[in-house]
Colleague: 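Pasting a structure here, questions to come.
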Amino acid sequence: MADDKKLTTRADDFSAWYNELVLRSELADYSPVKGSMVIRPNGYGIWERMQRALDDMFKETGHQNAYFPLLIPESFLKKEAQHVEGFAPECAVVTHGGGKELEEPLVIRPTSETIIYHMFAKWTQSYRDLPILMNQWANVVRWEMRTRLFLRTLEFLWQEGHTAHATHDEAEQETVRMLHVYRTFMEGWMAMPVITGLKSDGEKFAGALRTYSCEAMMQDNKALQAGTSHNLGQNFAKAFELQFQDEKGEMAFAWNTSWGVSTRMVGGLVMTHGDDNGLRTPPKLAPIEIVIVPIWKSDEQQAQLTAAALKLKEELTTWTGRGATDRLRVHVDLRDGMKPGAKYYEWELRGIPLRFELGPKDLEKQAVFAARRDTREKQSMAMDGLPAAAAALLERIQNDMFAAALARREANSVRGPITYDAFKALMEGNGGFVFAGWCGDAACEAKVKEDTKATIRVMPDAEFRSPVAPATCLCCGAPSKAEAVWARAY
RNA sequence: CGGGGCGUAGCUUAGCCCGGUAGAGCGCCUGCUUCGGGAGCAGGAGGUCGGAGGUUCAAAUCCUCUCGCCCCGACCA
């Protein structure tokens, strides 16, 4: 059944392709509870590398990790009017504990603003206590109607940064700083280009003054909101009496920010880089960067090549050319009873960036036969100096993957004047990002969504805007107040 | 919650219309031969046919109810 072994192609059914890829590459599996999933070692390994890179960046920008409880008093959610409106419908609520009905129901956190700012209030008296720069790695629960592996599940893993500042400007700087941390991570590690910018009021976080977002384009030309950073203003500070005495001795409310990215990014990675053979993992996030597949015929050769492969792994993993702590991550596939070809397909499905085939011929030449996962190009590489050459090749793969994703996004982005009919046709067809004007009226945004399912993903930051600003609103034709990226989204 | 599809071995499924011994492929176990792009042969293990009730001499198959999952829409990181 050769066909059984092939994935549904992206062109045939993008959605089926995605699900099959996630399941078959063992990134995740469905759990017994509808809408939630198990993240398997292959997927969790990617998440762990994401966590590590981001956590380092959070620490570098002065943040500390902490942990707040899973259960939040229901009354807390209700203290901020917009927040409760936005989140109440999707909250899971605990009504019983210890066999008794609780006096006050407890909400399983859908996000932690309320409990965190409650605690911040307790810890803050003076302007000298500010800023507070905290982050937590946690799970949250949102009772979504319609779920999808990694992209939207009842429970997901994320980080949520929460900060408190003495002034609006400082909070705004923090909001933008963390947006850029996200962008650096998504482009530099995930090799996934994003467009940063401001959300419209209709799309902003429930309770925020302003929401900034990183938007990426998936291979079906739909947008994925990959990370958000919110300037919460004083909304939560007022609701939770987060006050401090300023330098003049006057009481003032603090200014908050919150920002988060989730395991959704793993889904984004799949839909950005996956191909019809499976996953392609950018080297920086690959738990295994290089897999060595020894090839043998006789028992004698098996012993010889196993030894050679292990020796090669030793050479690669002890090399410190990338720094003492950043070693090459190498796996040797010694499984017997599985032919080399079968191993190749499996490692390709799993997205390992680089494969070294090591057979008798290679050993004789003191070389390995190397295959890139991203382009599937193959070349012989000499054993001599291999660690440095491999590291350089991995870096090239990382860069090439980003360049390819960026080129694809640009090829599917439309700028310049466009009629509403042409826009509608585009959204019905190939889709893509359309850079066009917006009059600022929520009614136009709603009409576009009604007509085409497309929304304003973001009002892009300056570097992403068109050379000539759009003059008129995509929808109503009135003078444009802001350029917007219009697209269908996940 | 609307529309569609599906529950049979670990996975993919045939059988159901037209009731009568539960089959196949993959995977798994054992052995031998293989091994540079998804191995071959031989032997073997593995099943409350989603659940409950009903019709019948007899139900995977027909009827009723029920549970669950996936996909497509309305809501969302």
Side-chain angles (χ1 to χ4, degrees), chain A residues 1-8 13-16 18-20 23-24 26 29-37 85-91 110-111 138-160 182 199 202-206 211 213-216 223-230 258-268 277-278 293-299 301-302 305 333 335-349 355-364 368-369 371 376 378 380 449-450 453 455 489-490:
Chain A
M1 296 284 117
D3 283 348
D4 272 1
K5 292 177 176 172
K6 289 223 179 349
L7 287 171
T8 298
D13 186 341
F14 193 78
S15 188
Y18 175 80
N19 285 327
E20 282 177 30
L23 295 171
R24 287 171 55 174
E26 297 182 2
D29 200 356
Y30 293 109
S31 90
V33 176
K34 177 180 176 163
S36 56
M37 66 172 191
E85 195 184 320
F87 282 104
E90 55 187 51
C91 281
T111 179
N139 57 339
V140 290
V141 168
R142 298 184 187 176
W143 217 264
E144 303 289 354
M145 312 291 271
R146 196 145 139 45
T147 55
R148 213 140 152 32
L149 293 166
F150 284 112
L151 302 177
R152 191 172 302 106
T153 45
L154 291 199
E155 178 186 357
F156 56 93
L157 305 183
W158 77 344
Q159 66 56 225
E160 46 181 325
Y182 287 157
K199 285 284 187 184
E203 296 275 329
K204 76 180 182 188
F205 178 75
T211 290
S213 167
C214 294
E215 299 283 329
L224 183 76
Q225 178 174 304
T228 47
S229 185
H230 316 291
S258 69
W259 27 274
V261 293
S262 72
T263 38
R264 166 181 266 197
M265 290 193 297
V266 178
N277 297 305
V293 180
I295 298 158
W296 58 70
K297 289 193 209 299
S298 62
D299 287 355
Q301 277 183 343
Q302 180 172 1
L305 284 146
D333 188 347
R335 285 176 294 179
D336 201 358
M338 193 171 176
K339 291 179 74 172
K343 293 182 180 178
Y344 301 163
Y345 278 103
E346 186 180 302
W347 293 113
E348 282 174 10
L349 175 65
R355 180 180 73 239
F356 287 164
E357 302 169 16
L358 183 63
K361 293 179 216 161
D362 306 294
L363 204 54
E364 204 173 304
V368 296
F369 200 56
R376 302 184 95 205
K378 298 178 185 180
S380 186
K449 186 172 183 181
E450 171 75 26
K453 292 182 204 153
T455 51
Y490 276 97

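The chains referred to below are lettered A, B, ... by the order of the sequence lines, with proteins before strands, and numbering in each begins at 1.
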Colleague: Rounding to an integer number of Å, can you tell me how far A:Leu154 CG sits from B:C75 P?
Modeller: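 It works out to 18 Å between those atoms.
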Colleague: With a 6.0 Å cut-off (strictly less than), is the heavy-atom count around CD of A:Glu26, excluding the residue itself, greater than 12?
Modeller: yes
Colleague: Using a cutoff of under 3.5 Å, can you pull out all pairs of nitrogen or oxygen atoms linking the protein to nucleotides 32-35 of chain B, with atom names and distances?
Modeller:
{"from": "B:C35", "atom 1": "O2'", "to": "A:Trp296", "atom 2": "O", "distance (Å)": "2.7"}
{"from": "B:C35", "atom 1": "N3", "to": "A:Trp296", "atom 2": "NE1", "distance (Å)": "3.4"}
{"from": "B:C35", "atom 1": "N4", "to": "A:Lys297", "atom 2": "O", "distance (Å)": "3.1"}

Colleague: What residues form a ring-ring contact (aromatic ring centres under 6.0 Å, His included) with A:Phe156, not counting sequence neighbours?
Modeller: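 A:Phe156 satisfies ring-ring contact (aromatic ring centres under 6.0 Å, His included) with A:Trp158 once adjacent residues are dropped.
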Colleague: Taking the same atom, P, in B:A22 and in B:C49, what whole-Å distance lies between them?
Modeller: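 My reading of the P atoms in B:A22 and B:C49 gives 11 Å.
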Colleague: Using a cut-off of 4.0 Å between protein heavy atoms and nucleotide atoms, how would you tag nucleotides 4-9 of chain B 5' to 3' with B, S and -?
Modeller: ------
Colleague: Would you find a donor on one side and an acceptor on the other, under 3.5 Å apart, between the side chain of A:Glu203 and the backbone of A:Lys199?
Modeller: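 Side chain of A:Glu203 to backbone of A:Lys199: no pair is present.
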Colleague: Can you check whether A:Asp13's main-chain N or O pairs, donor with acceptor, with A:Tyr18's side chain at less than 3.5 Å?
Modeller: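 No, the answer is negative, given that no donor and acceptor are paired below the 3.5 Å cut-off.
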Colleague: Could you check whether A:Pro360 gets within reach of a base, just the sugar-phosphate, or nothing at all, counting any heavy atom under 4.0 Å?
Modeller: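 Touches a base.
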Colleague: Using every non-hydrogen atom in the two residues, find where A:Leu305 and A:Leu358 come nearest and quote the distance to one decimal.
Modeller: CD2-O, 3.6 Å
Colleague: Quick check: does any side chain N or O of A:Asn19 sit under 3.5 Å from a backbone N or O of A:Ala16, one acting as donor and the other as acceptor?
Modeller: no
Colleague: Would you name the heavy atoms of A:Val261 and A:Gly227 that are closest together and state the gap between them?
Modeller: CG1-CA, 3.8 Å
Colleague: Can you tell me which nucleotide in B:A74, B:A77, B:A39 comes closest to the side chain of A:Arg142?
Modeller: B:A77
Colleague: Any idea which heavy atoms bring A:Val140 and A:Thr111 closest together, and the distance?
Modeller: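 In terms of heavy atoms, the two residues are closest at CG1-N, 4.1 Å.
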Colleague: For residues 144-151 of chain A, dump all side-chain donor-acceptor pairs below 3.5 Å to protein atoms at least two apart in sequence or in another chain.
Modeller:
{"from": "A:Arg148", "atom 1": "NH2", "to": "A:Ser15", "atom 2": "OG", "distance (Å)": "3.4"}

Colleague: Which nucleotide in the list B:G37, B:C75, B:C72 gets nearest to the side chain of A:Arg146?
Modeller: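 Within the option list, the nearest is B:C72.
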Colleague: Contact class for A:Gly260 (heavy atom, under 4.0 Å): base, sugar-phosphate, or nothing?
Modeller: nothing
Colleague: With heavy atoms under 4.0 Å as the rule, sort A:Glu160 into base, sugar-phosphate or nothing.
Modeller: nothing
Colleague: Atom CG of A:Leu363 to atom P of B:G36: distance rounded to whole Å?
Modeller: 17 Å
Colleague: Where the side chain of A:Lys343 meets the backbone of A:Asp333, is there a donor-acceptor pair that is under 3.5 Å apart?
Modeller: yes
Colleague: Reckon A:Asn19 touches a base, only the sugar-phosphate, or nothing at all at heavy-atom distances under 4.0 Å?
Modeller: sugar-phosphate
Colleague: Going by ring-ring contact (aromatic ring centres under 6.0 Å, His included), name the residues that satisfy it together with A:Phe205, two or more places apart in sequence or in a different chain.
Modeller: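 Partners of A:Phe205 by the ring-ring contact (aromatic ring centres under 6.0 Å, His included) criterion, ordered by chain and then number, come out as A:His83, A:Phe87, A:His230.
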Colleague: Please state the P separation for the pair B:U8 and B:G73 - nearest whole angstrom.
Modeller: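 Here B:U8 and B:G73 have their P atoms 26 Å from each other.
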Colleague: Between A:Leu224 and A:Arg355, who's closer to the 5' end of RNA chain B by nearest nucleotide?
Modeller: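 The residue whose closest nucleotide sits nearer the 5' end is A:Arg355.
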Colleague: What interatomic distance, in whole Å, is found between C1' of B:A59 and the corresponding atom of B:C16?
Modeller: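 Their C1' atoms lie roughly 10 Å apart.
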Colleague: Quantified in whole Å, what is the C1' atom distance between nucleotide B:C41 and nucleotide B:A9?
Modeller: 24 Å
Colleague: For A:Tyr344 and B:G37, say yes or no: do the ring centres fall under 5.5 Å of each other while the ring planes differ by less than 30°?
Modeller: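 Stacking between A:Tyr344 and B:G37: absent.
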Colleague: Taking the P atom in each of B:G40 and B:U34, what is the distance between them to the nearest angstrom?
Modeller: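 After rounding to an integer number of Å, I get 15 Å for this pair.
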Colleague: We want to know whether A:Ser31 and A:Ser36 form a side-chain donor-acceptor pair, criterion being a heavy-atom distance below 3.5 angstrom.
Modeller: yes
Colleague: If you measure from the C1' atom in B:G36 to the same atom in B:C32, how many Å do you get, rounded?
Modeller: 23 Å
Colleague: Identify whether any heavy atom of A:Gln225 sits under 4.0 Å from a base atom; if not, whether one sits that close to sugar-phosphate; answer base, sugar-phosphate or nothing.
Modeller: sugar-phosphate
Colleague: Contact class for A:Tyr30 (heavy atom, under 4.0 Å): base, sugar-phosphate, or nothing?
Modeller: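 If one applies the 4.0 Å heavy-atom cut-off, A:Tyr30 turns out to touch the sugar-phosphate alone, with no base involved.
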Colleague: Looking for any heavy atom pair under 4.0 Å, which part of the strands does A:Thr153 touch: base, sugar-phosphate only, or nothing?
Modeller: base
Colleague: Specify the residue among A:Trp158 and A:Ser31 whose closest nucleotide of RNA chain B lies further upstream toward the 5′ end.
Modeller: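 Going by which nucleotide is closer to the 5' end, it is A:Ser31.
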Colleague: Rounding to a whole Å, what distance do you find between A:Arg148:CZ and B:C69:C1'?
Modeller: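 Value for this atom pair: 16 Å.
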Colleague: Under 3.5 Å, side chain of A:Asn139 to main-chain N/O of A:Val141, donor-acceptor pair present?
Modeller: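 No: the side chain of A:Asn139 does not pair with the backbone of A:Val141.
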Colleague: Just the dot-bracket of RNA chain B, please: which string comes out with Watson-Crick or G-U pairs under 3.5 Å, [ ] for crossing, | for another strand?
Modeller: (((((((..((((......[..)))).((((((.....)))))).....(((((..]....))))))))))))....
Colleague: Whole angstroms only, please: what is the CG-P distance between A:Asp333 and B:G37?
Modeller: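 In whole Å, B:G37 P and A:Asp333 CG are 15 Å from each other.
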Colleague: Considering only atom C1', compute the distance from B:U64 to B:C26 and round it to an integer number of Å.
Modeller: 37 Å
Colleague: For a quick check of understanding: with a heavy-atom distance under 4.0 Å over all strands, which category does A:Lys361 fall into, base, sugar-phosphate or nothing?
Modeller: base
Colleague: Suppose we call a contact any N or O donor and acceptor under 3.5 Å apart; does that hold for the side chain of A:Glu348 and the base of B:G37?
Modeller: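 Such a pair exists between side chain and base.
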Colleague: Regarding B:G36, can its base be found pairing with the side chain of A:Lys378 as donor and acceptor, where the two atoms are less than 3.5 Å apart?
Modeller: no
Colleague: In whole angstrom, give the distance that lies between atom CD of A:Glu20 and atom C1' of B:C11.
Modeller: 13 Å
Colleague: Base, sugar-phosphate or nothing for A:Thr111? Non-hydrogen atoms, less than 4.0 Å.
Modeller: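 Touches nothing.
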Colleague: Rounded to the Å, how far apart are A:Trp143 CH2 and B:C1 C1'?
Modeller: 16 Å
Colleague: If you look at every strand shown and take non-hydrogen atoms under 4.0 Å, does A:Arg335 touch a base, only sugar-phosphate, or nothing?
Modeller: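 Nothing, no nucleic acid heavy atom in range.
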Colleague: Measure CD/A:Glu90 against P/B:A74 and give the value in whole Å, please.
Modeller: 16 Å
Colleague: If every non-hydrogen atom of A:Gln225 is compared with every non-hydrogen atom of A:Ser213, which pair is closest and at what distance?
Modeller: CG-OG, 3.5 Å
Colleague: How many whole angstroms separate atom CD of A:Glu346 from atom C1' of B:A39?
Modeller: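 Interatomic distance, CD of A:Glu346 to C1' of B:A39: 16 Å.
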Colleague: What distance, rounded to whole Å, do you find between the two P atoms, one in B:G10 and one in B:A45?
Modeller: 16 Å
Colleague: So if I take every side-chain heavy atom of A:Ser15 and compare against B:A77, B:A74, B:C71, which nucleotide ends up nearest?
Modeller: B:C71
Colleague: Treating A:Glu90 as the side-chain partner and A:Pro110 as the backbone partner, does any N or O pair qualify as donor plus acceptor under 3.5 Å?
Modeller: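 Not at all, since once roles are kept as given, no pair shorter than 3.5 Å links the two residues.
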